[in-house]
Amino acid sequence: DKMPLLGAGETPLYRIRNIVDAIKKIAGDDELAHSLEDRLHQTVLRYIADADPHNAPELAREALKTLEIEFARWCA
């Protein structure tokens, strides 16, 4: 199985790092950052569950780095 939204030549880890960097850049927009963070976490969990990659712990650790980015997280 492939991780959604992978570009040509991208690895899942590379893609996750790019998304974490994008979240850092948009952290001033709480709603957008939170939405992207939620989608990233869900996508990584699904990928790990479906593909059972050998580097699952590394992928999870990388995705969880978003929790270190400061922005408001709230749900309606």
Side-chain angles (χ1 to χ4, degrees):
D1 289 349
K2 284 192 162 192
M3 188 169 165
L5 305 175
L6 282 179
E10 286 186 331
T11 65
L13 183 60
Y14 178 82
R15 184 66 179 147
I16 292 167
R17 286 180 176 155
N18 282 340
I19 295 170
V20 171
D21 287 341
I23 293 169
K24 286 177 187 174
K25 291 176 183 172
I26 61 168
D29 183 335
D30 297 332
E31 187 174 355
L32 183 58
H34 192 192
S35 175
L36 186 55
E37 178 185 59
D38 284 349
R39 283 187 286 165
L40 172 65
H41 291 178
Q42 290 170 13
T43 300
V44 170
L45 283 172
R46 281 191 192 109
Y47 177 73
I48 289 170
D50 294 344
D52 191 26
H54 70 281
N55 62 340
E58 183 180 22
L59 298 175
R61 276 192 300 275
E62 193 64 34
L64 289 172
K65 286 182 180 180
T66 61
L67 298 175
E68 299 168 11
I69 303 169
E70 290 190 35
F71 59 86
R73 292 168 175 85
W74 42 267
C75 298

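Fair warning: this is a prediction, and the values are worked out from it, not measured in the lab.
- Summarising the hydrophobic clusters (Ile, Leu, Val, Met, Phe, Trp, Tyr; side-chain heavy atoms under 4.5 Å, direct or chained), the residues clustered with Leu45 are none.
- Residues satisfying the side-chain contact (heavy atoms from CB on, under 4.5 Å) criterion with Ile26, sequence neighbours excluded, are Leu32, Ala33, Leu36.
- Shortest non-hydrogen contact noted between Ala27 and Phe71 is O-CB, 3.4 Å.
- Summarising the local packing, CD of Gln42 is surrounded by more than 12 heavy atoms from other residues, nucleotides or ligands at distances under 6.0 Å.
- Shown here are the side-chain contact (heavy atoms from CB on, under 4.5 Å) partners of Ala60, two or more places apart in sequence or in another chain: Ile48.
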**Q.** Stepwise side-chain contact (heavy atoms from CB on, under 4.5 Å) check, Leu67 with His41
**A.** CA-CA 10 Å; Leu67 298 175; His41 291 178; 4.1 Å; yes
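- In this structure, the side-chain contact (heavy atoms from CB on, under 4.5 Å) partners of Ala72, at least two apart in sequence or on a different chain, are Asp30, Trp74.
- Between the CG atom of Leu40 and the CZ atom of Arg15 there is a distance of 9.5 Å, given to the nearest 0.5 Å.
- Screening residues 51-66 for salt bridge (Lys or Arg N to Asp or Glu O under 4.0 Å) gives Arg17-Glu62, Glu62-Lys65 as the qualifying pairs, with residues at least two apart or on separate chains.
- The salt bridge (Lys or Arg N to Asp or Glu O under 4.0 Å) pairs that include a residue from residues 36-47 are Glu37-Arg73, where partners are two or more places apart or lie in different chains.
- Rounding to the nearest 0.5 Å gives a distance of 11.0 Å between CD of Glu10 and CD1 of Ile16.
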